[in-house]
Amino acid sequence: MTAIPMYSPSPASSALWKTAQAVGIVATVGLVVGLFVKPDPALFVLWNVLIPLVPVSLMVSPLIWRNVCPLATLNMAFNRSATRKLTNGLAGKAGIVAIALLAVLVPARRFAFNNDGTSLAIVIVVVGLLALALGVVFDAKAGFCNAICPVLPVERLYGQAPLLKVPNARCPSCSLCTQRGCIDLAPEKSVAQTLGAARQSTAWLRTGFGAFAAAFPGFIVGYYTSSDVALTAAGSVYLYIGAWALGSYVLITVLVSLLRLGSGLALLLLGGLALSLYYWYAVEVVLTAMGIAGLWPMALRGAALLLIGVWLTGAVPRMITRGAGS
Ligand code: SF4
């Protein structure tokens, strides 16, 4: 297969991205060490500073995160001679694995990762080694980032209508390591390509990604209305968040059918809804952890909702003009 030349960053911005990738690796090593030896400050910085910035950065452009993500750096560190591609058949199965990993790992914050630095550090190391190993076998991002990364479904949902055009700093030319749906090639086409022909009818709701998108708003509410508990109560956490996700899926399925929404519009609205719910809850949690009260929570919630409104206002007309999935 001939490599496809890409729109590459300039030498100066390329150097900046490379520096940011190196900083990402050093910061991850520091985080893992911190989680082992000084878990409280490390957990505070991770959950209250770094993670809340990821969704908004995906909305601005998923390429920002994908250009610097330390797991992507590991995934591509040793795969120069790897040629195995992510075929359409493999991508479907890998997408289900990614969603399953997300559904297992996020609720685990409630009984493990929010307070137990050691277990979180071990998971980060294991996932990092997995990304590295899959990069040895698969071409470019075909083994991890575009396949089983648990953040991938969220990158697709929040990154479907970027506010900024950001160059791909990872692939100087495209070897088509992933047959369809690569966010780095075309973020605004990734969702439609992932759904394939199912996007032309309500069948998209029965695909892995479609089910994830419809269940995700409830998943977020379930997570934020549950509490940190002991490890012995892990089952109840999964039941509670799972019930919210299932309720969300059923409600969205009914609404999409009643309102006859096309997949393109429905998925944009679901992205906006999930982002709004995330920041509605996360702002309160983060500011409470920082001891900030008064008008700040409402001001930051308002700013987040305004930005999401701007995102939707620009994205919906573009989607209608394209006629994607409608
Ligand atoms: S990650 Fe995307 S842009 Fe890079 S080689 Fe694979 S398909 Fe091409």
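Read the numbers this way: they start at 1 and go in the same order the structure lists the ligands and their atoms. Numbering of residues begins at 1 and proceeds along the displayed sequence.
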| field | Region of Cys177 engaging ligand 1 - heavy atom pairs below 4.0 Å | value | both
| Using a heavy-atom cut-off of under 4.0 Å, does the side chain or the backbone of Asp139 touch ligand 1, or both, or neither? | neither
| task | Find all atoms of ligand 1 within a distance of less than 4.0 Å from any non-hydrogen atom belonging to Asn146, and give their numbers and elements. | result | 1 (S)
| query | When Asp139 is tested against each of Arg80, Arg84, Lys85 for side chain to side chain donor-acceptor pair (under 3.5 Å), which residue passes? | reply | Lys85
| Residue Asn168 vicinity, atoms of ligand 1 by number, heavy atom under 4.0 Å | 3 (S)
| query | Hey, any chance Phe113 and Leu53 share a hydrophobic cluster, counting ILVMFWY side chains that come within less than 4.5 Å of each other, even indirectly? | reply | no
| With the 4.5 Å side-chain cut-off for hydrophobic clustering, are Leu16 and Val68 part of the same group? | no
| said: Suppose we call two aromatic rings close when their centres sit under 6.0 Å apart. Are Tyr158 and Tyr278 close by that rule? | reply: no
| request: Check ligand 1 against Cys174 and write out every atom of the ligand that is under 4.0 Å from a heavy-atom position of the residue. | output: 3 (S), 5 (S), 7 (S), 8 (Fe)
| query | Going by the order shown, which atoms of ligand 1 are within less than 4.0 Å of some heavy atom of Cys171? | reply | 1 (S), 3 (S), 4 (Fe), 5 (S)
| query | Which of the numbered atoms in ligand 1 are below 4.0 angstrom from a heavy atom of Ser175? | reply | 5 (S)
| field | Element-labelled atoms of ligand 1 that are located less than 4.0 Å from some non-hydrogen atom of Thr178 | value | 7 (S)
| said: Starting from Leu58, can I reach Leu306 by hopping between I/L/V/M/F/W/Y residues whose side chains sit under 4.5 Å apart? | reply: no
| said: Less than 4.0 angstrom from a charged side-chain N to a carboxylate O is my criterion; do Glu284 and Arg301 meet it? | reply: yes
